[in-house]
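Just so you know, ligand 1 is whichever comes first in the structure, and atom 1 is the first atom listed for that ligand. Along the sequence shown, the residues carry numbers beginning at 1.
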Amino acid sequence: MAQRSLAERDQAVIWHPYTQMQTAAAPIPIVRGEGVHLIAEDGTKYLDAISSWWVNIHGHAHPYIAEKVAEQLRTLEHVIFAGFTHPTAVELAERLLAILPDNQKRVFYSDNGSTAVEVALKMCFQYWSNSGQPRTKVIAFHDSYHGDTFGAMAVSARSAFTKPFEQFLFDVEFIDLPNAENITRLKEQLSAFSFQLSAFIFEPLVQGAGGMNMYEAKYLDELLMHCKKEGILTIADEVMTGFGRTGKLFASDHLTQQPDLMCFSKGITGGTMALGVTTCAGKIYDAFLSDDKLKTLFHGHSFTANPVTCSAALASLDLLLKPETIADISRIEESHRSFAARIAKHPKVRTIRQTGTILAMEWETGDNTSYFNSLRDDLYNFFLREGIILRPLGNIIYIMAPYCITNDQLKYIYQKIEQALEQF
Ligand code: PMP
C-alpha cells in the first residue's frame with residue numbers, strides 16, 4: 001500500500017485553527033525552516049513574508065536560539081513557578097524591565113498573547129475590587145483584536161469570530177481610533193463612563209487582525225493623558241507591535257505617556273516558543289499586597305515562566321539588541337517607504353500605509369463584495385505559487401517579515417506585488 005502523505009495523515013486527525021475543515025485546501029506540509037524561508041516536504045521554498053503569524057523576528061530555526069534552548073533543556077526544563085524561581089525567569093524579567101517604559105515594575109508570565117491580555121484584564125478588575133471601589137466596564141477600539149480566550153474576545157471587536165459567544169462577553173464600550181477630528185468627542189465619551197471604567201485597552205499605533213489600521217501616536221497620547229486624569233487604567237497590548245515591529249523596540253516608545261500595563265507575546269521568543277508576558281506599574285502591583293489573602297492574584301498556568309521558553313526569549317533579546325538588527329529594522333523601514341511611494345498612485349491601490357517594518361495596502365475592489373471574497377483567495381494563491389507567504393486580511397495585503405530579510409528578498413516581494421496589481 002502506498003504511504004500516505006503528511007497532508008493526508010494530517011487531514012485524518014487534525015483540526016486546524018481558523019479553518020473551515022470541510023472546504024479548506026490540504027495544508028502545506030513544512031518540514032524545515034531556514035532564515036526567512038520555510039521549506040516544504042517536496043522541497044518548495046516559501047519566503048515567509050508574514051513571519052509565521054507575526055511571531056518570527058530573526059528567521060526560522062535560528063542557530064543561536066537553538067543552541068541556547070538546547071543548553072537550557074539539558075540544565076533545567078521545568079519547575080513549578082509558585083514557591084520556586086529559576087535563573088532564566090529572573091534574568092528575563094530584569095532585562096525586559098530595563099528596556100520597557102520606566103514605570104513598568106513587575107513581570108507576570110503566562111504562555112500566549114491571549115493569556116497576557118487575560119492577566120492584564122484580571123489585574124485591572126481586581127485592582128479596583130482590592131481598592132474597595134469595583135469598576136466593571138472596559139473601553140476598547142472598534143476593530144480591535146486582543147485574542148481568542150473569553151476575556152480577550154470580550155475586549156475585541158464583535159465580529160463573525162465572536163458571534164456564537166456574544167452573550168457570554170462582558171460589558172465593553174467601543175470607540176473609534178483617535179484623529180484630529182474626533183479626539184474631543186472621544187474624550188467626552190470616556191468621561192461619560194469614567195466612574196465605571198476599569199481600563200482602556202488598545203493596540204498601540206497598529207491594529208493587527210482588524211486590518212492593519214494605523215493611527216497617530218499624538219492622539220493616542222491625548223487619550224492616555226485623559227485616562228490618567230479620569231483615573232482609568234491603561235493597557236497597551238504590544239503582542240503584535242512589540243520587539244521592533246514599529247521601528248522602535250516597543251510601539252509605546254513612540255508615546256510620551258506610559259501605559260499602566262503592557263502585554264507581550266509573539267516576537268518575545270523570536271517566534272521560537274510560546275510565551276506571554278504582562279508587565280505593570282508599581283501601583284497595580286501594590287494594590288495586591290495585603291495581609292488579606294483574598295487580595296492575591298489567583299492566576300497561573302502549568303507552564304508559567306518555563307525555563308526553556310525564557311531561555312529562547314533571552315537569546316532572542318541578545319539578537320534583537322545587536323546594532324546589526326537595529327540597522328536591519330531601519331533598512332526594512334526605508335525600503336518599504338520607497339516601495340510605498342512608488343505604487344501609491346496605482347489605480348488598484350486604495351490606500352497604502354506603513355508603521356516601521358509593517359507595510360499594508362488596501363486593494364481597490366469597487367463595491368463588489370463577492371469579488372472581494374474571491375480576491376483574498378486569489379491573491380493568497382498567487383503569492384504561494386510565486387513562493388511567498390502573504391496572507392491577506394480580506395482585501396488588505398501586508399508585509400511583516402523577519403528582520404533578517406535581505407534587500408533582494410524584499411525586492412522580489414515588491415516585484416510580485418506589482419505583478420499582482422496588474423493581474424487582479
Ligand atoms: N493581541 C494582539 C494585538 C494580537 O495580534 C494577538 C494575536 N494575533 C493576540 C493578542 C493574541 O495572541 P495569541 O494568538 O498568542 O493568543
Side-chain angles (χ1 to χ4, degrees), residues 16-19 48-57 108-124 138-162 165 169 172 174 177 199-215 220 234-246 250-252 254-255 259 261-279 299 301 303-304 306 309 312-313 316 355-358 360 389 391-394 396 398-400:
H16 284 269
Y18 280 100
T19 303
D48 183 4
I50 54 159
S51 297
S52 280
W53 253 343
W54 319 343
V55 301
N56 189 293
I57 58 177
F108 192 99
Y109 290 110
S110 61
D111 37 35
N112 59 69
S114 303
T115 55
V117 168
E118 293 289 334
V119 169
L121 291 169
K122 286 174 83 168
M123 283 178 176
C124 289
V138 175
I139 288 258
F141 283 132
H142 288 300
D143 294 325
S144 58
Y145 178 80
H146 296 287
D148 285 351
T149 51
F150 273 85
M153 252 198 306
V155 295
S156 299
R158 301 293 176 264
S159 69
F161 300 168
T162 59
F165 317 107
L169 304 180
V172 175
F174 291 99
L177 287 183
F200 165 45
I201 182 164
F202 54 93
E203 292 157 89
L205 306 195
V206 188
Q207 288 186 310
M212 297 294 155
N213 306 319
M214 300 180 186
Y215 62 106
L220 179 57
T234 54
I235 307 170
D237 176 352
E238 294 237 22
V239 166
M240 188 274 277
T241 53
F243 302 95
R245 286 291 179 206
T246 66
F250 302 102
S252 297
H254 295 270
L255 302 170
L261 301 100
M262 300 179 77
C263 307
F264 307 97
S265 188
K266 293 192 186 283
I268 193 170
T269 61
T272 306
M273 300 180 76
L275 174 63
V277 161
T278 309
T279 63
H299 189 103
H301 301 278
F303 286 92
T304 296
N306 173 260
T309 312
S316 178
T355 302
T357 68
I358 308 167
I389 305 177
R391 206 164 182 269
L393 294 159
I396 293 156
Y398 62 91
I399 306 175
M400 198 189 302

* For atom 14 (O) of ligand 1, decide whether some protein heavy-atom distance is shorter than 4.0 Å. => no
* Asked: Does Trp54 approach ligand 1 within less than 4.0 angstrom via side chain, backbone, both or neither, non-hydrogen atoms only?
  -> side chain
* For atom 9 (C) of ligand 1, what's the nearest protein heavy atom and its distance? -> Val239 CG1, 3.7 Å
* Of Gly276, Ser114, Ala209, Ser156, which has the heavy atom at the shortest distance from atom 11 (C) of ligand 1? -> Ser114
* With a cut-off of 4.0 Å, which atoms of ligand 1 are near a heavy atom of Met240? -> 5 (O)
* Asked: Does a side chain donor of either Ser52 or Asn56 reach within less than 3.5 Å of an acceptor in the other side chain?
  -> no
* **Identity and distance of the protein heavy atom lying nearest atom 3 (C) of ligand 1** => Asp237 OD2, 3.3 Å
* **Under 3.5 Å side-chain donor-acceptor pair for Glu238 and Ser252** => yes
* **Closest approach of Thr269 to Ser316 (non-hydrogen atoms, all atoms of both residues)** => C-CB, 3.6 Å
* Asked: Aromatic ring centroids of Phe200 and Phe141 under 6.0 Å?
  -> yes
* Asked: Can you find a pair of side-chain heavy atoms, one from Phe174 and one from Arg158, that are under 4.5 Å apart?
  -> yes
* To do: May I ask which of Glu238, Glu203, Lys266, Glu118 has a heavy atom nearer to atom 8 (N) of ligand 1 than the others do?
  => Lys266
* To do: Within a distance under 4.0 Å of any heavy atom of Gly113, pick out the atoms of ligand 1 and give their elements.
  => 11 (C), 12 (O), 13 (P), 15 (O), 16 (O)
* Structure fact -> Filtering Phe202, Trp53, Tyr145 for the heavy atom nearest atom 6 (C) of ligand 1 leaves Tyr145
* Would you confirm whether the ring centroid of Phe303 sits within less than 6.0 angstrom of the ring centroid of Tyr109? => no
* To do: Determine whether the side chain, the backbone, both or neither of His146 has a heavy atom under 4.0 Å from any heavy atom of ligand 1.
  => backbone
* Using a strict 4.0 Å cut-off to heavy atoms of Asn112, name the atoms of ligand 1 that fall inside it. => 15 (O), 16 (O)
* With distance as the sole criterion, is a donor-acceptor pair present between the side chains of Trp54 and Tyr398 under 3.5 Å? -> yes
* Tell me yes or no: between the side chains of Thr246 and His254, is some donor less than 3.5 Å from an acceptor? => yes
